[in-house]
Amino acid sequence: MSIPEPVMMDVDPERYEKVDLPLFMAELDDFLPDTVYDFHVHLGLDEHHVPFSEETKKRSWPAAIPRHFPAEHLIDVQHKLFPGRKTRTLGFPMPNPENNLQALNEYVSRQAKASPELDALYVVRPYQSPEMLEKLIREGSFLGLKPYMGLASHIEDINAVRIDDYLPPAHQQLAHDMGLIVILHIPGLERLRDPNTHADLKRITKSYPNMKLVIAHIGRAYTITFAKPGLEALQDVEGLYYDFSANLNEEVLELALRLVEPDRLVYASDLPITLMRGVREYDGDRYINFTDEDYPWNTDRKPPEVEAKYTFYIYEQLLAFKRAAQCVGLSADEVAKVMYGNALELVESVKL
Ligand SMILES: [Zn+2]
């Protein structure tokens, strides 16, 4: 008897031909440059993850997405998403505390060493010594760190976690000394509009200017109610980059293009999560996901004829970016910067 292949997010060939490819050709083919650099992807093998409970999958929508996402599959998916383009990816493990992060980090490092289309970040626990960390980074050819608030397990209330708790000053110093990329997930219920976070980011960028700090998902500001106060407060913080992975909100992207400007915004997908099909709606501080998948949280459905036309979240994100780019009058060169130029500069600036 053979062991069944783990479930993974994939591209359904029939829907791809019928829905996704025609949409790409009509809306995105002329807009996108010939190269795409994706700055935020989670990869790894099923066996190194601890499965989420049904309860967690009901409560937290991304937890319902299968974790298994091997490197060769990711590269194949990128080629399908961007036909006729060169693609390259910055990948790292899913940072959940129960996962076998050592095995996942080693896997990503091995795969990145073997493929010119893949670069790696190291998912770091805050307790790791900077000396050991430096050694692991050099040996694994990691371009930087992916800290995560959920890994600060010494703090009981996850909503009380501050940046220094999961990216401790010793790691900030190391990232500064080595000139590393750090992709930072913003903590707290107030997300990008939290004044504590503004103060922390201002202090950290000032103290460690050589660290290449990238705020993931535009600070988890998926609605304008979080994005406006957040981006305005951080407008003058130079050297701070933003990835807009999983951010499908045209209004937020337009504001980011105006306040952050195209030099510090990088395209990123959050694959495999954004292979989910559907749309997102907004209500004040809330964002509401719609999809046709049978996930435990997915109880509020649209009519079948609407769901049949769903494309990937990642295409919805790119369509929102295109509309935002048109609103602010972005040039083709500026679009190219966001889609790969800025990312490539960051990646190539890391000298291990
Ligand atoms: Zn992510």
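Atoms within a ligand are numbered from 1 in the order they appear, just like the ligands themselves.
Distances under 2.8 Å from the Zn ion (ligand 1) pick out the protein N/O/S atoms H40 NE2, H42 NE2, D270 OD1.
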- Message: Applying side-chain hydrogen bond (donor to acceptor under 3.5 Å, both in side chains) to T89 and Q78, what does each step give before you reach the verdict?
- Response: CA-CA 9 Å; T89 301; Q78 295 285 33; 3.0 Å; yes

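The 12-atom threshold is not exceeded at NZ of K206, counting heavy atoms of other residues, nucleotides or ligands nearer than 6.0 Å.
A salt bridge links R193 and E190; the closest N-O separation between the charged side-chain nitrogens and carboxylate oxygens is under 4.0 Å.
The ring of Y287 has its center closer than 6.0 angstrom to the ring center of Y222.
Of the N and O atoms on the side chains of H154 and Y127, at least one donor lies less than 3.5 Å from an acceptor on the other residue. For the residue pair D270 and H42, a side-chain donor N or O sits within less than 3.5 Å of a side-chain acceptor on the partner.
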